[in-house]
Number of protein chains: 2
Amino acid sequence: MPDPVEKPLSNAASAVDSLRALIFDGSLAAGSDHLESELALRLGMSRTPVREAVLTLAAQGLLDVRPRKGVRILPVSPADMREIYDVLTELESLAAADAARRNHSPAALQPLAQTILDMDTALTAKNREAWADADDRFHTELVRLGGNSRIIMIVGMMADQVRRARAVTLYMRPVPSQSNADHRGVLEAIRNRDPKAAERIHRAHRIGAKEMLTELLDRYRLQNL
Amino acid sequence: MPDPVEKPLSNAASAVDSLRALIFDGSLAAGSDHLESELALRLGMSRTPVREAVLTLAAQGLLDVRPRKGVRILPVSPADMREIYDVLTELESLAAADAARRNHSPAALQPLAQTILDMDTALTAKNREAWADADDRFHTELVRLGGNSRIIMIVGMMADQVRRARAVTLYMRPVPSQSNADHRGVLEAIRNRDPKAAERIHRAHRIGAKEMLTELLDRYRLQNL
DNA sequence: GCATTTATTAATGCATACGCAGTAAATGCA
DNA sequence: TGCATTTACTGCGTATGCATTAATAAATGC
């Protein structure tokens with residue numbers, strides 16, 4: 001029986017969730033400073049769990065604790081973007097190759113296939129948010145299939161760091177129709193147990209994304225997102 | 001004038017340092033559990049800064065907080081070792097290529113060259129600890145030259161996670177004479193501004209290390225280090 | 001003798017208090 | 001007016017205490 005009881009989540013844990021949400025939706029703006037006491041007030045708890053949450057988020061590279069100046073929500077520069085996409089390119093491509101090596105059953109590949117369908121649907125409906133969401137799920141699912149827990153964690157961290165920036169560029173970029181083709185290629189390579197192809201296609205996909213994004217940031221002079 | 005005054009380091013920060021040292025030298029054994037209050041007593045401070053330190057180390061994958069059971073020092077299994085070396089292989093190889101692209105001056109490459117000399121010296125003196133130390137510095141310096149701050153952080157984290165395991169295998173493994181040749185090759189490629197070669201040589205180096213280590217762990221049935 | 005319930009223990013999560021140190025404001029002086 | 005020094009302030013680092021609740025032991029029932 002699947003446990004229907006979900007434990008009520010500690011204050012510190014919910015502070016992590018809340019702060020992440022506030023950062024991603026811009027309520028805590030990039031580059032802005034916030035006192036611990038202020039955040040505690042906002043979240044309706046004492047400084048102690050907020051401090052713990054802040055420590056956790058600092059370890060994940062989302063903010064920086066600057067004693068007496070408050071915690072700073074870390075902005076993402078074009079240089080940061082390049083760094084992050086370089087890491088994503090390497091680790092996700094390895095994950096793609098690993099996924100192809102692992103003899104996954106069709107059923108195991110179903111969630112990945114679904115994200116591609118979802119992206120088609122979103123693209124047809126011209127719903128960019130839904131597209132971005134499905135795209136995100138594709139990458140998450142891909143590294144999950146790769147089976148390396150460290151890669152899963154690191155890719156999650158890096159994806160979080162660029163989440164805001166991606167949201168900003170979502171409506172500036174050209175219609176992301178190429179992505180689906182790339183994703184299909186990766187899925188096919190995994191189905192065919194072809195690690196080299198999976199790696200190659202995914203790498204090209206990520207390099208393309210990196211170039212598109214950094215070109216966009218440069219063009220619009222977006223120095224800090 | 002270089003500031004000669006070093007600020008006295010907070011209790012939380014020194015707790016991180018102390019705990020790391022205790023974990024690396026085995027005083028806090030892999031797989032063992034420890035109460036916060038116990039650690040606080042040991043470090044001569046209250047639970048608060050210890051809790052913060054523990055949170056930080058948990059984020060770095062060195063231990064796991066298990067409510068009411070104490071913090072568990074995470075052991076490293078052969079599977080963990082493979083995961084970690086796969087990540088190191090990808091990211092360090094990229095760093096090697098980046099380092100070769102960056103037009104580093106000979107002076108900038110000096111610290112890297114020095115680690116190779118130190119390894120020679122240690123090898124001649126049959127001093128394995130000194131060799132391991134220099135080897136570590138080579139890899140640290142290499143990723144530093146690559147210039148990607150995320151890679152620097154991640155590689156540091158991964159290296160920490162396998163530190164104990166490496167120490168254990170240090171005296172089991174064959175004399176590491178091949179390593180120096182590989183390191184020299186990487187340095188030469190960087191000097192020659194040959195990213196492809198740097199990447200290729202370093203990748204082979206890391207893959208070799210991974211195979212040697214995992215074979216060793218399997219042979220001696222070392223399930224948890 | 002074993003399973004189930006109840007009681008006990010104690011480690012944690014959190015709130016709170018306080019002193020210190022770093023920053024800014026204010027003052028004094030040239 | 002510009003700069004140095006003093007003063008005031010306030011945010012943080014840490015200690016401490018307590019309520020909660022999970023884990024263990026005890027007790028009860030079958």
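Every chain is numbered from 1 and lettered A, B, ... according to where its sequence line falls, protein lines coming before strand lines.
D/dG13 atom P lies 12 Å from atom CG of A/Leu35, rounded to whole Å. Across the protein-nucleic acid pair, A/Leu9 atom CG and D/dT20 atom C1' stand 16 Å apart, rounded to whole Å. Atom pair A/Glu36:CD and C/dC14:P shows a separation of 15 Å (rounding to whole Å applied). Taking atom CG on B/Asn11 and atom C1' on C/dA21, their separation rounds to 15 Å, with Å as the unit. Atom CG of A/Leu43 and atom P of C/dC14 are 12 Å apart (whole Å). In this entry the distance linking CG of B/Leu41 with P of D/dA15 reads 12 Å, nearest Å. At whole-Å resolution of the value, CG in B/Leu39 and C1' in C/dT12 are 14 Å apart. Rounded to whole angstrom, the span from the CG atom of B/Leu55 across to the P atom of D/dG13 amounts to 14 Å.
Listed by residue number, the members of residues 66-74 of chain B with any heavy atom below 4.0 angstrom from DNA chain C are B/Pro67, B/Arg68, B/Gly70.
Proximity note for B/Arg47 (side chain, C-beta onward) versus D/dG17, D/dG11, C/dA17: the nearest is D/dG17.
The only member of B/Leu142, B/Leu112, B/Asp135 that meets side-chain contact (heavy atoms from CB on, under 4.5 Å) when paired with B/His183 is B/Asp135.
Nucleotide D/dC30 forms a Watson-Crick or G-U wobble pair with C/dG1, both donor-acceptor distances falling under 3.5 Å.
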Expected list for residues 43-51 of chain B: side-chain donor-acceptor pairs under 3.5 angstrom, two or more places apart:
residue : atom : partner : partner atom : Å
B/Ser46 : OG   : B/Thr48 : N            : 3.3
B/Arg47 : NE   : B/Glu36 : OE1          : 3.3
B/Arg47 : NH2  : B/Glu36 : OE1          : 3.4
B/Arg51 : NE   : A/Glu52 : OE2          : 2.6
B/Arg51 : NH1  : B/Glu36 : OE2          : 3.0
B/Arg51 : NH2  : A/Glu52 : OE1          : 3.2
B/Arg51 : NH2  : A/Glu52 : OE2          : 2.9

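Residues A/Asp86 and A/Arg82 are not paired through a salt bridge, judged by the lack of any N-O separation under 4.0 Å between the basic side chain and the carboxylate. A salt bridge links A/Glu90 and A/Arg203; the closest N-O separation between the charged side-chain nitrogens and carboxylate oxygens is under 4.0 Å.
In this structure, CG on A/Asn148 lies 9.5 Å from CG on B/Asp80, to the nearest 0.5 angstrom.
Taking the side chain as every heavy atom from C-beta outward, B/Ile154 and A/Met158 approach each other to under 4.5 Å.
Between the side chain of B/Thr48 and the base of D/dA15 there is at least one donor-acceptor pair of N/O atoms closer than 3.5 Å.
Applying the salt bridge (charged side-chain N to carboxylate O under 4.0 Å, His left out) test to every pair with at least one member in residues 8-28 of chain B, sequence neighbours left out, gives these pairs: B/Arg20-B/Asp160.
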